[in-house]
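Worksheet for the structure shown next.
For clarity, every value in this text was computed on a predicted model and none was experimentally measured. Naming: A, B, ... by sequence-line order, numbering from 1 per chain.
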Amino acid sequence: MSGRRIGVYVCQCGGNIGDYVDVDKVVEEIKGDDDVVIARSAMFTCSDATQQEIVQDAQEQGLDALVVASCSPKLHTVTFRDVAKRAGMNPFQYTQVNVREQCSWTHTDDKTGATEKATRLVRAGINRTRLTEPLEPIVVETTPKSLVVGGGIAGLRAALGLAELGLTVFLVEKEARLGGHVAGYGPMFPNDRKGSDLVATLEEKVRANPAITVFTNAELMAKSGSFGNNQATIAIHDGDKLETIQVDVGSIVVATGFDDYEPAAGEFGYGLDGVVTLPEFKKMVDEAPGLLQYKGRPVKTVAYIYCVGSRQDESLEGAHTYCSRYCCTSAVHTALEAQKLAGDLRQYHLYRDMRTYGKYELLWNASRESGSLYLRVPDDEPPAVEKLSSGGLKVTTRDLLTGEEEIAIPADLVVLVTGMVPRDNAELVSVLKLPVGNDGFYNEIHPKLRPVETIVDGVLICGACQAPKTSSEAVAAGLAAVTQSGAMLKRGYAELDPMVATVYADLCTWCGKCRAACPYDAIEQVELDGRQVAQVVKTACKGCGGCVPVCPEDATDLLGYTDAQIKSMIDGMMEVSCS
Amino acid sequence: MAEDATREDQAFHPRILVFSTNNISDPGIDLAGSSHLHYSPNVMVISLPCTSGIKPSWVLYAMQRGFDGVFIAADGEECAYLPDCAERTAGIMTSAQALLEEHGLEPQRVRMAAVCSVCAEPFTNYMHEYSKSLAGLGPSRKATA
Amino acid sequence: MTQATETRRPVIRDAVPGRRDVREVVRDEQVMRRRILEVLAGGPMTVPEIAAAVERPTHEVMFWVMGLRKYGWVAEIKEVDDDGYYRYQVVEREGS
Amino acid sequence: MTALVNPGLADELARSDGFDADACMNCGVCSAICPMGVDVEVRRLFRYVLLGMEDKVRAETERVFSCLLCRMCEENCPAGVHIAENVRTLRHHIVRTGFGLGEG
Amino acid sequence: MKGTTKYDALVVGSGIGGMESALKLGDMGYKVLVVEKDASVGGKMILLSKVFPTLDCASCISTPKMAATIHHPNIDVLTYAEVDGIRANGDGTYRARITQRPKFIDEAACTGCRQCEMACNVAVPDEFNADLVSRRAAYIAFPQAVPKKAVIDRAGISPCTGACPAGIKAHGYVARVRSGEYEQAFDLVLEATPLVGSLGRACYAPCESECTRGELEGPLPIRRLKRFIADAHYGRGRDGDPEAVAIEQNGKKVAVVGSGPAGLTAALQLARKGYGVTILEAAEQAGGMLRLGIPAYRLPNEVIDHDISNVTALGVEIRTGVRVDDPAGLKDDGFDAVLVATGTHKAVRLRVPGEELDGVRSALTFLADVKLGKDVGLSGKKVLVVGGGNVAIDAARSARRLGAASVDQVSLECCEEMPAHDFEVEEARAEGITLHDGWGIDHFEGDGRLQAAEIKVCTCVFDPDGRFHPEYDETQRDIIACDVVIVAAGMRADTETFGLETNGDHTLVADPGTLQTAVPHIFAAGDVVTGPTMITTAVGQGRRAAFMIDRYLQGQVLDPGLFDEPLPVVDKDTVLARQQVYDRREPLESNAVMRAAPTDFEETEGPMTEDEAFLGAARCLDCGVCSECHACVDVCPADAIKLDDRPVAIEAEVGTVVLATGFNLFPADAKPQYGYGRFKNVITGMQMDRLLAPTRPYNAVLRPSDGKVPDNIAYIMCTGSRDETVDNPLCSKICCMYSVKQNQLIMGALPLADVTVYYIDVRSVGKGYDEFYQQARDMGCNFVKGRVSGITETEEGNLTLRYEDIENGGALAEAEHDLVVLAVGVQPSRGVAELFAGNGDALALDDHYYVGEVDEDLDPGRTNLPGVFVAGAAAGAKDIPDSILHAGAAVAQAAAHLERARVADEAKAKVPS
């Protein structure tokens, strides 16, 4: 006898349980169990009437714990936690036993078996409940401040978005100026707005917003803390001087962007005069003085080679096997821009799959109609680029759209449509312990459930540091990171599930295994009475229990699922002697 | 009728403890119920947040208390907690098997498979197959007794 | 006058053989249930076999058998036959 | 045999007869839908024009004239290319320039 | 939820974008209202098999989000609800009008056990399984639905049911018959009235006149189906309801005066409620007009006996031969309430000379005498029947059967205008009755005994106001020799002695809604109130009276609105428009046997065979969807079925609006060259996703044509995308990837199957997507560049595809496959802009009718209306990760909008006025 006062209610669910489980018999069996003060059956436990009955029973009998055996916990855990609360109990001292989906409905062919099983399950539930402790949601005060790492278009928009939510923002940019790649762009697809204008608009707003502090020539040096409360150390370079400051922030938004792929010398003729990359070409077009020129010579014919640095054969060393997503559309758009310039331009595009997805298809359509001709190159036979003795270039390829024909294109300029590659951010990765995928980009926890969150609490990723993205997609991702920050910090506090791990310090001998097992940094080493022991950072713990089996001393437990509780449930399932 | 019951009682129906996960595999097992699929009433389920939190000692304890087999209904790739959940659970399996062998029990008495939130039929099939294979092994307590 | 009456009922058309509207086929499930269960009482059958027995098109029988399957009247036998067809058998329906 | 692209042919046809197959996305529906079967592959034909492969166009003269101008291809063209007009254009061009004449 | 409620945010739609938006706003502490049109949250994603490129189970990803949405303390979710309109308040806030559609289920009581669904008798295509299988009118959307509660799909009252004055659920019993549930069908009619057999024969079936199938080949034989179920029930010797005898008595007593349709119906209803009911009948036998007025060849006495036994089985006592002259006085006999339902048994006189002659008699007494087996001595006599109504026809045909030498009938109205039903006139003629239509009686001749009638031509029956006022052409006359004249000139109520207020036509004055007379405890129903009508009208009156008497005796308010408040009747054109094509199904022909000179009172109409009943019922179009057959009511263990549920109008004041209305899939039949809808083995990508999903409808990937496991599957990409011929030049972005995903899953499920993808460009853009595509190639999936131009079907149901094999030299090719999947693209969802109709500024859409984003570059998700944002695929094709990120963008700005409003409010509050 533990002195607990448990109320047990077994539901008939009309006939859904009652037809296949002898509910009265179950109640009869467990009635005399230790600590069971009340055991009853109910036609519909979830009905308002029975809920009130439970509340009344609890008050009259002084119940302090509740077991309801009815349907799946997915349906009514919230309902009965609420009942428990109304009845003056701790909602975490309630156990839902599933005797419908996992008993009556699966054993409609065996009433004896179902009844016996139901008894076992209810007893397991009672045993578990006996060992429950009153828990309260972990309330964490959060710091209503965010740090944005990276001042490109995604970072700028994120900073502004965070400030608009009422959060204080620190923006850290490694370079001397803000704006990243986009700041250097002229008209961009699909709306032909200049990248430089977009960045200027954002920068102006960011600079004007009193809630945002911008640090250029700055880097994030160190980070510590847990849910909603992090300490970040920022180093600011001022010429040769180095200043470090500390800021408390609730979240860190990483928006460090990408690098352009740099072709190797000789790759599709790279290095030859007249062979340029897409970003170089775009700059030429953006800055062309009315007529497209290369080194002073007018350009009449341009040949584009797509998928340079993307979709590479996986057998190559360090291959970029991924598709860079933005480059087809960017090349198509740049070709359209080039076509707008004076002069009669001929443009030939050597592509593999034309990936102008979604609404960008319209750009591809427009480009075809404006003098661009597209040739499909075989995946396994890359086009050859050679320098002609006349000074021009010649690109040779087989065009799959024209049968087996090999076609030669004399070109004034060859544009290598280069993709995006991950930035070398080794330092930041080590500071933030950011997970990096096979492709070298940062990895989110889950692309669908939590697309901007990382395994590191409060550290969010957005934009092209996560995967190749267009500018507006990067901005959307930046705002999604704002939203996630807001979801954590906006209220100034957060309520976390109290079913977290716990360490019995007296048993702990600090071997560090639990800390190694936790990807969330939720276990720290502390000194207690002169001994080194592990301690759970409740606010960082996600309650998975992954640290429990690794402890050689059995010193860790997951609340609500403790070693003793699980064993008691096994006992409960087995102690029945059904007559 | 009475004769049938006696014969039934004499036949060995293995008791199986299933560890499921609150978000993924337990809903799959629920769906088996909603679809009124049948498996043995000797199958009982304990649901946890994540199968990476199962202690190998629980597997042994279950055997000692009279279960004949333990089935881990893991999340596989869908686990929202731990990206390496599948490997961790596999590791727990291996430790549990070793522990069982130490105690003279067959390692086949613990098994694991990915069961997702709509895997009603696969789960039922696992239970049928596992019951059959455990029946072949006989009761677990013969070894510890 | 007559024409006006004619145009008031444009939805009425004779069916094109084999092209009954899905709603119409599905509605017949309630009627065909009895026939199909009768036929299956003789043992499990594939959809084409049931169709031959009840003298209705296979694709319509497909709807009915799958409806009966969904609502617990029939179930497939696990193995596919050599021609790639499952056989369906009557199951005892709970609550009936 | 490598063919050198020559935009001149398409330019000339466009200028003189209004040939326009730029919108073609090379999906092949026109070829596949043609009731004449394998005889007319307009997509490829147009492509020869666009790439400036005059000899290839010449070799297809018979096909150009076997087209029924039934517009099945045009109606089904997802890019809205005026295929029949273009074929007519090609015929006109061939006749005018004497392409293929006297060779058969 | 009623009245106007305040929320920070309204999220329209609960797909992945809507849920993400709501959850994040909720987490920020804002109060959110989510409105979802379907019965479950989850949108399209929950219906998918797995999701690319990780092959996560779509359900495992969606269900936790769905549960989180519905349980979130800051989020209220309305499922099965529609936003009707959103009006700008002018200050950046909005007012939304929402209709909560009735679910016809008490959500709090429903346990999601699906018993209603298993019992439901109406099958409709299951939209959640892409129409590959049926669902029921009562259903839970899908196994993982959140909330997991049933809804009942009701488009309205079916026209047949709506037409029944008796309130019998005509559609309901037809549906029961269709399922072979004859006893339950009988019970359903018995719910309304005991006269199941009588109505099955003698009802004039207004239901059939309203039957939507009547717009096609002809109505269902609804009346005869009722006869069928009565025959089946009585034939089984199961008179009465044995269980009902155990009804708990409430100690109160009611007298019912008259045992006709109204009286019997009321008695049954009252007895069920526990009243001690006594019927007082003036005639020798019970049944009223059924017994006394309707000849046995239309309604045999045994049938009436059976019907009456339904009433007596409940303990109702019928005292015959008891004429009540003073209903009010029955109070002294211990009756707490009295229902007067005495009908119209008094004949109206003709008022012509010679009417007093021996041989002139009234049709009412004539028919009663015949029915009660008295000798009326017509053998060899020349009979003349006067009147053009049904009673006249009944009298004439009865006379014919009694051996009259000749039967003539005179009717003022000409044939087409006669009040008798056309079929009755026809049957009378077939039996050899000579009809003189358009004639009136001038006088009868005879010397003490009748010898002849002189008739004259009637030129007009009614005056311009529609009042009975015959005019004659006195010059055109004729003489009909006759021995007997039977006058059927009408009937009226016999109420003189009752001491109750009457109308000019002797009918009783009673409140039409409550049927209460001026004497509170006396109610009146049936023909005695309405004048002569149909049986069903009287039955309806009887039900109403019983309902009101019960309320009266319970001391409750008599509110006419509480009785039978039905949904609106569904519009027939709407019903017919549900189908493109109707299979011709000829109605069942009448089996009434017409003999030239019948000599007995055998029923003219024969019973229906079971097969006829099945085929007859199978023609039902399920107009209202739910048939109100009450099968769900019968089985629901939680008593959760609530058929009187009605729409609820809700208004919400919201600070911001997030539109997450998602997308539509391209309707594949809009590309007729691919044969979708005609070729059974051409399916859409969504259908394949369902076939592959763990909750799949066939439990395997099978061909819909015959259930074969396919072994050579083709995918046709860009169906409805990148295609000017269907006015959609856009790429749909998701189809390549969902196809590649399906390719991988098929190769897993059917290792022996070949999979070929006909594509133009494979657009695997996204993290891990191209690798995923390469993996499918490596697994053996065959990719062919070339858009398929058309498909033909072979005899075996295989499909021949024509395409140009572009990358292999450009040869034209044909390939045969046994299953073709159309990778259908996406379209904008409809009606989003209409939500804002009536505002000064309309919601701007883009050129392709997606919700427009005014600054996609810097503010993705912001629309032209301040405070209105768009999340996910409502703004254009998006895959799941993009939708989630886009929703995040919308939410960031929606929250900023709310924040600005809050700051402005605070500033305003600080300014001293």
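For Leu202(A), the part lying under 4.5 angstrom from a heavy atom of chain E is the side chain only. For Tyr326(A), no part lies near chain E; criterion is any non-hydrogen pair under 4.5 Å. Using a 4.5 Å cut-off between heavy atoms, Ala67(E) does not touch chain A at all. With a 4.5 Å cut-off on non-hydrogen atoms, Leu156(A) does not touch chain E at all. Heavy atoms closer than 4.5 Å to chain E are found in the side chain of Phe44(A), but not in its backbone. Neither the backbone nor the side chain of Phe772(E) comes within contact range of chain A, judged by heavy atoms closer than 4.5 Å. Heavy-atom distances place the side chain of Glu473(A), and not its backbone, under 4.5 Å from chain E. Only the backbone of Ala875(E) comes within contact range of chain A, with at least one heavy atom under 4.5 Å from a heavy atom of that chain. Looking at Tyr773(E), only its side chain comes within 4.5 Å of chain A, counting heavy atoms on both sides. At a 4.5 Å heavy-atom cutoff, the contact between Gln893(E) and chain A is made by side-chain atoms alone. Contacts between Pro190(A) and chain E at a heavy-atom distance below 4.5 Å involve the side chain alone, from C-beta outward. Proximity to chain E (any heavy atom under 4.5 Å) is restricted, for Thr201(A), to the side chain, taken from C-beta onward. For Ala877(E), no part sits under 4.5 Å from any heavy atom of chain A, backbone or side chain. The contact between Thr321(A) and chain E is made by backbone and side chain atoms together, counting heavy-atom distances below 4.5 Å. With a 4.5 Å cut-off on non-hydrogen atoms, Leu362(A) touches chain E through its side chain but not through its backbone.
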Notebook entry, point to check: Which is it for Val475(A) and Asp857(E) under the side-chain contact (heavy atoms from CB on, under 4.5 Å) test, yes or no, and what are the steps along the way?
Noted result: CA-CA 7 Å; Val475(A) 166; Asp857(E) 295 289; over 6 Å; no
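Annotation: maximal heavy-atom pairing with chain A below 4.5 Å, among Glu899(E), Gln115(E), Lys65(E), His886(E), occurs at Glu899(E). Considering only heavy-atom pairs separated by less than 4.5 Å from chain E, the leading option among Ala476(A), Ala467(A), Gly14(A) is Ala476(A). Counting heavy-atom pairs closer than 4.5 Å to chain E, the top residue among Ala487(A), Cys71(A), Gly403(A) is Ala487(A).
Side chain of Asp761(E) to backbone of Met354(A): a donor-acceptor contact under 3.5 angstrom is found. With Thr483(A) contributing its side chain and Ala892(E) its backbone, the two residues share a donor-acceptor pair below 3.5 Å. Side chain of Asp353(A) to main chain of Val762(E): a donor-acceptor pair is present (N/O by atom type, distance under 3.5 Å, no hydrogens or angles). Not a single donor-acceptor pair under 3.5 Å links the side chain of Lys24(E) to the backbone N or O of Gln484(A). A donor-acceptor pair under 3.5 Å is formed between the side chain of Arg491(A) and the backbone N or O of Asp27(E).
Between Arg355(A) and Asp770(E) a salt bridge is recorded (basic side-chain N to carboxylate O distance below 4.0 Å). Under 4.0 Å is where a charged nitrogen must lie from a carboxylate oxygen, and between Lys359(A) and Asp846(E) at least one such pair does. Using a 4.0 Å cut-off between charged side-chain N and carboxylate O, Asp859(E) and Arg157(A) make a salt bridge. Salt bridge present: Asp882(E) and Arg325(A) bring a charged side-chain N and a carboxylate O closer than 4.0 Å. We find that Arg311(A) and Glu771(E) are not joined by a salt bridge, their nearest charged nitrogen and carboxylate oxygen being 4.0 Å or further apart.
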